[in-house]
Amino acid sequence: MAGPYDLIVIGTGPGGYVCAIRAAQLGLKVAVVEKRATHGGTCLNVGCIPSKALLHASELYEEAGHGFAGMGIEVSPKLDLAKMLAFKADGIKGNVDGVAFLLKKNKIDSYTGTGRILAPGKVSVTPEKGEVVELETKAIVIATGSDVAKLPGVEIDEKRVVSSTGALELSKVPSTMIIVGAGVIGLELGSVWRRLGAKVHVVEFLDRILPGMDNEVAKQFQRILSKQGITFQLGAKVTSLKKDKSGCKVRVEPVAGGDATELAADVVLVAIGRVPYTEGLGLEELGVALDNRRRIIVDDHFATNVDGVYAIGDVIAGPMLAHKAEDEGVALAELLAGQAGHVNYDVIPNVIYTYPEVASVGKTEEELKEAGISYNVGKFPFMANGRAKVNRTTDGFIKVLADAHTDRILGVHMVGPHVGELIAEAAVIMEFGGSSEDLARTCHAHPTLTEAVKEAAMAVQKRAIHM
């Protein structure tokens, strides 16, 4: 029996490793358990980081081929996919090595293997090779993240029928790709392969893309993606998928009823979401309560119904976002150390890293209407922003939603260039309970894209200058 520890964290994705480091900073003796050979979880190994590397590289490739000439730069780019994948792998290694360094720097013991909770205060670690190790601790944090949601009746082989993991490793650009699901993952990876030469077709069960995002933003974003060459089949469901030597045959039927169609593709990407990874942890034997989606039920201090067992990140309710898990990890570590940890779930930004980007924080118009909250709207298009004009990046707009009575900002939604960075300004002012007037009267540098944020805030009171 190794230990005793003050805290053992199972899973070293963004939530787990951040929780461990913050706890160690506060003087706790900490160990982590990770089933992968490298730290960082799905995000760093097969998710956020590698997808952003390919999004960045493919965007530059397309810009070189289609945008440079308009600026007086004559080039003829040639794709070396193997080298692009090596660029991605190098980025992954740099990040996962960085996490390993930080764990070591903070004197956190690391165990490689599958973690299982034997009892409150006891964790076993089963490595691929070697003997099982048992650890003793005061507190256990489950931070095991999420897994790919499966499409019933469809086998993912990560070659012709791929999840997000396989879509990051394709050895050649497919001529045609069908994406099942018009959420963040499908649209990001679809954008990568469309830029590199694939014909991309998206099949979505709902009658819209990006469920949960502001509807006006989603509609304009779909129009932009359609202009780029991605085609959409909304309100449709995949009823069968067959593989043969030539590729995949996908049978699609309208959700509302009607004739089925058969689509052919070299590669099919199944991107219908993610599910909490709670299997094999011993939760049923321990009596840890789960909801009907197999998420771990916790209180406002991240505690389960079993004493000394806590959970954060994708395994509990809330958006499956790395930064949400990180904030929960910090808050829980501080609570365990006797401090006042807290997460403001009303101010968690969400970003889609396509081109243009999509970003949001706070309430959508649909949510405000459903709640019966009176609000004012300010919108400003990037077409009217000087920096965006000169950079030829004018697609999109910014929308600010403010309480009609108090002027407090309730939500900000963006589609446009670099809005994944611009959204931070909105999150900061919302965290401090700021108003659209506060944002409108804050001096912004010129010429910058941030001026569009200021102008959208000014537009709430119908006093935008450049529109």
Side-chain angles (χ1 to χ4, degrees), residues 1-25 27-47 92-93 95-148 158 165 275-288 290 294 296 302-315 325 329 332-333 336:
M1 182 76 69
Y5 293 99
D6 295 311
L7 174 65
I8 292 175
V9 181
I10 304 176
T12 58
Y17 83 75
V18 167
C19 180
I21 290 172
R22 184 66 184 125
Q25 288 176 342
L28 276 62
K29 184 180 180 183
V30 183
V32 294
V33 178
E34 173 56 54
K35 66 177 182 179
R36 281 189 173 91
T38 54
H39 297 293
T42 294
C43 180
L44 272 63
N45 287 276
V46 292
I92 294 170
K93 186 177 187 306
N95 277 275
V96 299
D97 286 354
V99 173
F101 168 77
L102 290 172
L103 293 173
K104 186 175 181 180
K105 174 187 172 184
N106 285 278
K107 298 179 173 58
I108 296 166
D109 292 341
S110 180
Y111 296 88
T112 302
T114 302
R116 184 179 181 87
I117 305 172
L118 303 176
K122 287 184 171 54
V123 174
S124 70
V125 182
T126 305
E128 282 193 17
K129 296 179 181 179
E131 296 182 357
V132 175
V133 177
E134 291 191 5
L135 311 176
E136 186 178 358
T137 184
K138 294 176 183 176
I140 300 168
V141 176
I142 301 168
T144 45
S146 58
D147 197 4
V148 174
E158 301 297 14
T165 301
V275 294
Y277 192 92
T278 53
E279 304 300 325
L281 291 168
L283 302 186
E284 287 81 0
E285 296 85 344
L286 201 61
V288 172
L290 306 176
R294 292 197 60 78
I296 298 171
F302 310 102
T304 70
N305 60 311
V306 176
D307 189 44
V309 179
Y310 303 83
I312 59 170
D314 288 3
V315 294
L332 176 52
L336 292 173

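When reading the values below, keep in mind they use all heavy atoms of this one structure, side chains included, and skip hydrogens, waters and symmetry mates. Computed from a predicted structure; not experimentally measured.
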(request) May I ask you to check if Lys35 and Tyr111 form a cation-pi contact, with NZ or CZ under 6.0 angstrom from the six-membered ring centre and within 45° of the axis? (result) no
(message) Between Thr304 (side chain only) and Val288 (backbone N and O only), is there a donor and an acceptor less than 3.5 Å apart?
(response) no
(message) Any heavy-atom pair between the side chains of Pro120 and Asp307 that's under 4.5 Å?
(response) no
(request) Would you give the length of the straight line joining atom CG of Asn95 to atom NZ of Lys93, rounded to the nearest 0.5 angstrom? (result) 11.5 Å
(request) Could you tell me which non-hydrogen atom of Ala325 sits nearest to which non-hydrogen atom of Gly313, and how far apart they are? (result) CB-CA, 3.7 Å
(request) Please tell me if the side chains of Val32 and Ser110 come closer than 4.5 Å, counting only heavy atoms from C-beta onward. (result) yes
(request) State the CD1-CD1 distance between Ile117 and Ile8, to the nearest 0.5 angstrom. (result) 9.5 Å
(request) Over all heavy atoms of both residues, which pair between Gly40 and Pro14 is shortest? Give the atoms and the distance, please. (result) O-CD, 3.7 Å
(request) Report the C-alpha distance between Lys29 and Tyr5 in whole Å, list the side-chain angles of each, state the deciding distance to 0.1 Å, and finish with yes or no for side chain to side chain contact (heavy atoms under 4.5 Å, CB included). (result) CA-CA 5 Å; Lys29 184 180 180 183; Tyr5 293 99; 3.7 Å; yes
(request) Measure the spacing between OG1 of Thr126 and CD of Glu134 and express it to the nearest 0.5 Å. (result) 9.5 Å
(message) Set out, in order, the CA-CA distance, both residues' side-chain angles and the distance that settles side chain to side chain contact (heavy atoms under 4.5 Å, CB included) for Val125 and Thr114, then state yes or no.
(response) CA-CA 5 Å; Val125 182; Thr114 302; over 6 Å; no
(message) Would you say that Val123 contacts Ile140 through its side chain, given a criterion of any heavy-atom pair below 4.5 Å between the two side chains?
(response) yes
(message) For a 4.5 angstrom cut-off between non-hydrogen side-chain atoms, does Val96 reach Asn45?
(response) yes
(request) Measure from the side-chain N and O atoms of Glu34 to the backbone N and O of Thr112, and report whether any donor-acceptor pair falls under 3.5 Å. (result) no
(request) Without swapping roles, check the side chain of Asp6 against the backbone of Ala139 for a donor-acceptor pair under 3.5 Å. (result) no
(message) Between Ser146 and Asp314 (side chain of the first, backbone of the second, donor and acceptor by atom type, cut-off under 3.5 Å), is there such a pair?
(response) no
(request) Compare every heavy atom of Leu286 with every heavy atom of Ala119, then report the nearest pair and how far apart it is. (result) CA-CD1, 3.7 Å
(request) Just do the side chain to side chain contact (heavy atoms under 4.5 Å, CB included) check on Leu44 and Ile92 with the steps written out, would you? (result) CA-CA 6 Å; Leu44 272 63; Ile92 294 170; 5.7 Å; no
(message) Could you check whether any side-chain heavy atom of His39 comes within less than 4.5 Å of a side-chain heavy atom of Leu103, counting everything from C-beta outward?
(response) yes
(request) Side-chain contact test, heavy atoms from C-beta onward, threshold under 4.5 Å: evaluate it for Glu285 versus Arg116 and give yes or no. (result) yes
(request) List the atom of Cys19, the atom of Ala333, and the distance in Å for their closest heavy-atom pair. (result) O-CB, 3.6 Å
(request) List the atom of Thr12, the atom of Tyr17, and the distance in Å for their closest heavy-atom pair. (result) O-CD2, 3.6 Å
(message) Applying side chain to side chain contact (heavy atoms under 4.5 Å, CB included) to Ile142 and Leu283, what does each step give before you reach the verdict?
(response) CA-CA 10 Å; Ile142 301 168; Leu283 302 186; 3.6 Å; yes
(request) Kindly check if the number of other-residue, nucleotide or ligand heavy atoms within 6.0 Å of CD (Glu128) is above 12? (result) no
(request) Over all heavy atoms of both residues, which pair between Val315 and Pro276 is shortest? Give the atoms and the distance, please. (result) CA-CB, 3.8 Å
(message) In the structure I gave you, are the side-chain heavy atoms of Lys104 and Asp109 within less than 4.5 Å of one another anywhere?
(response) no
(request) Nearest 0.5 Å please: distance from the OH atom of Tyr310 over to the CG atom of Leu7. (result) 9.5 Å
(request) Find out whether Val132 and Ser124 are in side-chain contact, i.e. whether some heavy atom of one side chain is under 4.5 Å from a heavy atom of the other. (result) yes
